[in-house]
**Student:** 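I have a structure here, written as C-alpha cells, and I will follow up with some questions on it.
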Amino acid sequence: MRSTKKGVKVKLMGWKKEQENNVAQGAEFWIETSNSISHICQFDSHGRLSVKVVNDTRPFIHRMVESFLNKFFPSGYPKSVNEGYLTYTQFRALQHFSSAALSVLSTQSLLFAAGLRPTPAQATAVSWILKDGMQHAGKLICSSMGARMDSEPKSWRILADVLYDFGTGLEILSPLCPQLFLELAGLGNFAKGMAVVAARATRLPIYSSFAKEGNLSDLFAKGEAISTLFNVVGMGAGIQLASTVCSTMQGKLIIAPLLSAIHIYSVKEEMRAAPVNTLNPQRTAMIVADFLNTGRVSSPADLRYRENLLFPDRIIEEAGSVSVGKPFCKVVKSPSKFQLLRALFPDEKFLIHRKKKHIDMILENSASGEDALRGWLLAAFTKEREFLDLSEEEVMSAAYKKMDKIFPSFLSEVKSRGWYTDQFLDGNGSRFAL
C-alpha cells in the first residue's frame with residue numbers, strides 16, 4: 001500500500017484528469033495495489049470511505065471468473081474451506097438444475113389432470129399454491145426426527161430428495177388417472193413436505209463440515225446463491241422442455257425419469273464429498289476400526305467416501321461389532337444385571353454388555369464424544385484374540401487397562417485429525433441416568 005497526503009496529484013493509468021484533481025483537492029487518500037489492481041481509497045467530509053478501481057490490467061476472462069467466485073463462493077476460496085467443497089458445489093448445482101426442471105414438468109402434469117391447459121408461466125405460480133395442503137402434514141411428521149438428522153445428515157439428505165422425486169413422480173403421472181387427481185396430488189405434496197423439512201434440517205450440518213475459518217454464514221450465503229442461480233436456470237430448461245419434448249405424456253415419461261436419476265445421483269455425490277466431523281455410531285466405528293487395523297486415526301476427509309449412506313446403522317465387525325443406542329430394557333432386563341454391569345466400570349459414563357455376536361453399549365445422558373470413544377475402544381479390545389481364553393471379568397479388566405493406557409494419545413490424534421469430540425450424536429438412542 002502506498003499513502004499520499006492532501007495536495008499531491010496522483011496520475012494513474014485509465015483515470016481522467018478531472019478525477020485526479022478531485023482527489024488532489026479532497027481529504028487524505030491512499031492507493032492500494034494488489035494482483036494487478038489499483039484502488040483509490042478516500043474518506044469524504046462525512047467520514048464515509050469510498051473505494052474506486054482505477055487500474056485493472058487483468059484479462060477480461062480473469063475478471064469474469066473472479067467476479068463469479070466473489071458472488072458464489074466464500075471469501076478466501078479455496079483456502080477458507082475444507083477439502084471437497086468444489087465437488088460438493090458442482091453436484092449441488094446439477095441437483096438444483098434437474099430438480100427445478102422436474103418440478104415444472106410435474107406441475108404442468110397436475111394442471112393437465114385437472115382439465116386445464118396451462119401456459120408455462122402459470123405452472124410456476126400454481127406450484128406454490130399446491131404446496132400448502134398436504135405438504136404441511138408431511139412437514140409436521142418429519143420435524144420430530146431432528147435428532148436422527150443430526151446423527152446422519154447425509155443419509156437424510158438423500159432420503160429427502162428421493163421423497164421429493166417420489167412426490168413429483170406422482171404429480172407427473174396424475175394425467176393418467178384424472179379421477180384420482182386429489183389423492184395423487186395430496187400424497188405427492190405430503191412426500192414433498194417431508195422432503196423440504198429433511199433438506200432444510202440437514203443443510204446446516206453439511207455446511208458446517210466445510211467451514212474452516214469461522215465462515216459458516218459466508219458458506220451458507222454463497223451456497224444458497226448457487227442454489228438460486230441453478231434453480232432459475234433449471235426452471236428455464238423445464239419451461240422449454242414442457243413446451244417441446246414434454247408437451248405430451250410420452251415425452252414426460254422419458255425425460256422425467258432421466259432428470260430424477262440425475263437429481264438423485266447428484267445429491268449422492270454431493271453428500272459423499274462432505275467431510276462431516278461430528279461423531280455418530282458409524283463414523284466412530286470406522287475411526288476405531290482404522291485405528292485397530294493401521295494404528296492411525298482417519299480424518300473426516302478420509303472417511304467421507306467410505307460411509308454407508310443407505311445403511312448407516314450397520315454393525316462394523318472390525319470395530320468390535322458394537323451396537324449403541326438400543327432401548328435400555330432390551331439390554332438390561334433386571335436391576336441385578338444393571339448393578340453388575342455398572343460395577344465393572346463405576347467411573348465411566350457407559351455400560352458394556354457382551355453377547356455372542358455383538359456388544360451392546362449404552363451411554364449416560366451426559367456422555368460426550370470422548371466417553372463414546374472410550375466405550376467403543378474398550379468394547380473393541382474385548383473381542384481381540386489375546387483375551388479369548390480369559391473369564392468375562394478378566395477380559396473386561398485386561399481390555400480396560402489396555403484402553404486406559406493408549407486412550408490419551410488416541411484422543412489427541414482424534415482431535416488433531418479434525419474430529420469434534422464434545423458430543424456424540426446417536427440419533428435419539430437409548431441412554432441411562434443415575
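Just so it is clear, the values below take in all heavy atoms, side chains as well, and ignore hydrogens, waters and symmetry mates.
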**Student:** Relative to F73, does K222 satisfy both conditions: NZ or CZ under 6.0 angstrom from the six-membered ring centre, and within 45 degrees of the ring's axis?
**Tutor:** no
**Student:** I315 versus V322: any side-chain heavy-atom pair under 4.5 Å?
**Tutor:** no
**Student:** For the atom pair CD1 (I239) and OG1 (T244), what is the distance rounded to the nearest 0.5 Å?
**Tutor:** 11.5 Å
**Student:** Do the side chain of S103 and the main chain of A100 share a donor and acceptor less than 3.5 angstrom apart?
**Tutor:** no
**Student:** Any side-chain heavy atom of K349 sitting closer than 4.5 Å to one from N365?
**Tutor:** no
**Student:** Quick one: salt bridge (charged side-chain N to carboxylate O under 4.0 Å, His left out) partners of K212, sequence neighbours excluded?
**Tutor:** none
**Student:** Side chain to side chain contact (heavy atoms under 4.5 Å, CB included) between I316 and V288: does it pass, once the steps are laid out?
**Tutor:** CA-CA 10 Å; I316 299 178; V288 171; over 6 Å; no
**Student:** Keeping to residues at least two apart or across chains, list the side chain to side chain donor-acceptor pair (under 3.5 Å) pairs with something in residues 202-211.
**Tutor:** R92-Y207, R203-E224, Y207-E224
**Student:** Taking salt bridge (Lys or Arg N to Asp or Glu O under 4.0 Å) as the cut-off, I'd like each qualifying pair that reaches into residues 248-269, sequence neighbours left out, listed once.
**Tutor:** E269-R272
**Student:** Dump the intermediate steps for side chain to side chain contact (heavy atoms under 4.5 Å, CB included) on Y77 and L86, then the final yes or no.
**Tutor:** CA-CA 10 Å; Y77 175 84; L86 180 60; 3.3 Å; yes
**Student:** Could you check whether S368 and D371, counting side-chain N and O atoms only, form a donor-acceptor pair closer than 3.5 Å?
**Tutor:** yes
**Student:** So do the side chains of I362 and F350 get within less than 4.5 Å of each other, counting heavy atoms only?
**Tutor:** no
**Student:** Would you say that D161 contacts L163 through its side chain, given a criterion of any heavy-atom pair below 4.5 Å between the two side chains?
**Tutor:** no
**Student:** W419 versus V297: any side-chain heavy-atom pair under 4.5 Å?
**Tutor:** yes
**Student:** Does any pair with a residue in residues 99-115 pass salt bridge (Lys or Arg N to Asp or Glu O under 4.0 Å), and if so which ones, sequence neighbours excluded?
**Tutor:** none
**Student:** Side chains of K326 and H353: donor-acceptor distance under 3.5 Å anywhere?
**Tutor:** no
**Student:** Atom CZ of R342 and atom CG of L340: how far apart are they, to the nearest 0.5 Å?
**Tutor:** 12.5 Å
**Student:** Look at the side chain of K154 and the backbone N and O of A274, then say whether any donor-acceptor pair between them is shorter than 3.5 Å.
**Tutor:** yes
**Student:** Rounded at 0.5 Å granularity, tell me how far OG1 in T89 sits from CG in L219.
**Tutor:** 8.5 Å
**Student:** Looking at every heavy atom in both C246 and G251, which two are closest together, and how far apart are they?
**Tutor:** SG-O, 3.9 Å
**Student:** Do the side chain of S109 and the main chain of L105 share a donor and acceptor less than 3.5 angstrom apart?
**Tutor:** yes
**Student:** Quick one: salt bridge (charged side-chain N to carboxylate O under 4.0 Å, His left out) partners of K355, sequence neighbours excluded?
**Tutor:** D360
**Student:** Identify whether the distance between the nearest side-chain nitrogen and carboxylate oxygen of R157 and E152 falls below 4.0 Å.
**Tutor:** no
**Student:** Search all heavy atoms of A198 against all heavy atoms of A160 and return the closest pair with its distance.
**Tutor:** CB-CB, 3.6 Å
**Student:** Could you list all the ring pair (Phe, Tyr, Trp, His ring centres under 6.0 Å) pairs where at least one residue sits in residues 266-317, not counting sequence neighbours?
**Tutor:** F291-F410
**Student:** Suppose we screen for ring-ring contact (aromatic ring centres under 6.0 Å, His included). Which residues come up paired with F72, at least two apart in sequence or across chains?
**Tutor:** F68
**Student:** The test is side chain to side chain contact (heavy atoms under 4.5 Å, CB included); show your working for M361 and L351 and say whether it passes.
**Tutor:** CA-CA 6 Å; M361 181 172 71; L351 299 177; over 6 Å; no
**Student:** Show the nearest heavy-atom pair for residues A379 and T382, with the distance to one decimal.
**Tutor:** O-OG1, 2.5 Å
**Student:** Is there any ring pair (Phe, Tyr, Trp, His ring centres under 6.0 Å) pair reaching into residues 224-283, and which pairs are they, with sequence neighbours excluded?
**Tutor:** F91-Y265
**Student:** Scan residues 76-85 for pairs that pass salt bridge (Lys or Arg N to Asp or Glu O under 4.0 Å), counting only residues two or more places apart or in two chains.
**Tutor:** E83-R304
**Student:** Inspect the contact between E364 and R431 and indicate whether a charged nitrogen and a carboxylate oxygen are less than 4.0 angstrom apart.
**Tutor:** no
**Student:** For a 4.5 angstrom cut-off between non-hydrogen side-chain atoms, does L253 reach L173?
**Tutor:** yes
**Student:** Run the side-chain hydrogen bond (donor to acceptor under 3.5 Å, both in side chains) test on D313 and Q282 for me, step by step, so that the C-alpha distance in whole Å, both residues' side-chain angles and the decisive distance to 0.1 Å come before the verdict.
**Tutor:** CA-CA 7 Å; D313 296 328; Q282 179 178 201; over 6 Å; no
**Student:** Of all the heavy-atom pairs spanning D150 and L425, show the shortest one and how long it is.
**Tutor:** O-CD1, 3.4 Å
**Student:** Between the side chains of H358 and S323, is a donor N or O closer than 3.5 angstrom to an acceptor N or O?
**Tutor:** no
**Student:** Could you walk me through whether S106 and E171 satisfy the side-chain hydrogen bond (donor to acceptor under 3.5 Å, both in side chains) test, starting with their C-alpha distance in whole Å, then the side-chain angles of each, then the deciding distance to 0.1 Å, before giving a yes or no?
**Tutor:** CA-CA 5 Å; S106 70; E171 293 172 347; 3.0 Å; yes
**Student:** According to side chain to side chain donor-acceptor pair (under 3.5 Å), does anything in residues 288-303 pair up with another residue at least two apart or in another chain? List the pairs.
**Tutor:** D290-S298, D290-R306, S299-D302, D302-R417
**Student:** Using the test ring-ring contact (aromatic ring centres under 6.0 Å, His included), find all partners of F424 that sit at least two apart in sequence or belong to another chain.
**Tutor:** none
**Student:** Just wondering, do M286 and E318 contact through their side chains at under 4.5 Å, heavy atoms?
**Tutor:** no
**Student:** Is E317 atom CD crowded by more than 12 heavy atoms from other residues, nucleotides or ligands, each under 6.0 Å away?
**Tutor:** no
**Student:** Any chance you could measure L216, atom CG, to D218, atom CG, to the nearest 0.5 Å?
**Tutor:** 9.5 Å
**Student:** Shortest non-hydrogen contact from P281 to D426?
**Tutor:** CD-CA, 4.1 Å
**Student:** For P275 and A273, which heavy atoms make the closest approach, and how far apart are they?
**Tutor:** CD-O, 3.3 Å
**Student:** Could you measure the distance from the CG atom of L184 to the CG atom of L176? Nearest 0.5 Å is fine.
**Tutor:** 9.5 Å
**Student:** Could you give me the CA-CA distance, side-chain angles and deciding distance for K415 and E370, then say whether salt bridge (charged side-chain N to carboxylate O under 4.0 Å, His left out) is met?
**Tutor:** CA-CA 10 Å; K415 291 182 176 180; E370 294 185 16; 3.1 Å; yes
**Student:** Is the backbone of A256 close enough, under 3.5 Å, to the side chain of S260 for a donor and an acceptor to pair up by distance?
**Tutor:** no
**Student:** Any donor-acceptor pair under 3.5 Å linking the side chain of N280 with the backbone of S151?
**Tutor:** yes
**Student:** Could you check if a side-chain atom of L341 sits within less than 4.5 angstrom of a side-chain atom of I352, using non-hydrogen atoms only?
**Tutor:** no
**Student:** Rounded to the nearest 0.5 Å, what separation is found between the CG atom of L303 and the CG atom of N277?
**Tutor:** 11.5 Å
**Student:** Report the residues that fulfil ring-ring contact (aromatic ring centres under 6.0 Å, His included) with Y400, sequence neighbours left out, ordered by chain and then residue number.
**Tutor:** F345
**Student:** Walk me through it: do V395 and F381 pass the test side chain to side chain contact (heavy atoms under 4.5 Å, CB included)?
**Tutor:** CA-CA 9 Å; V395 169; F381 281 153; over 6 Å; no
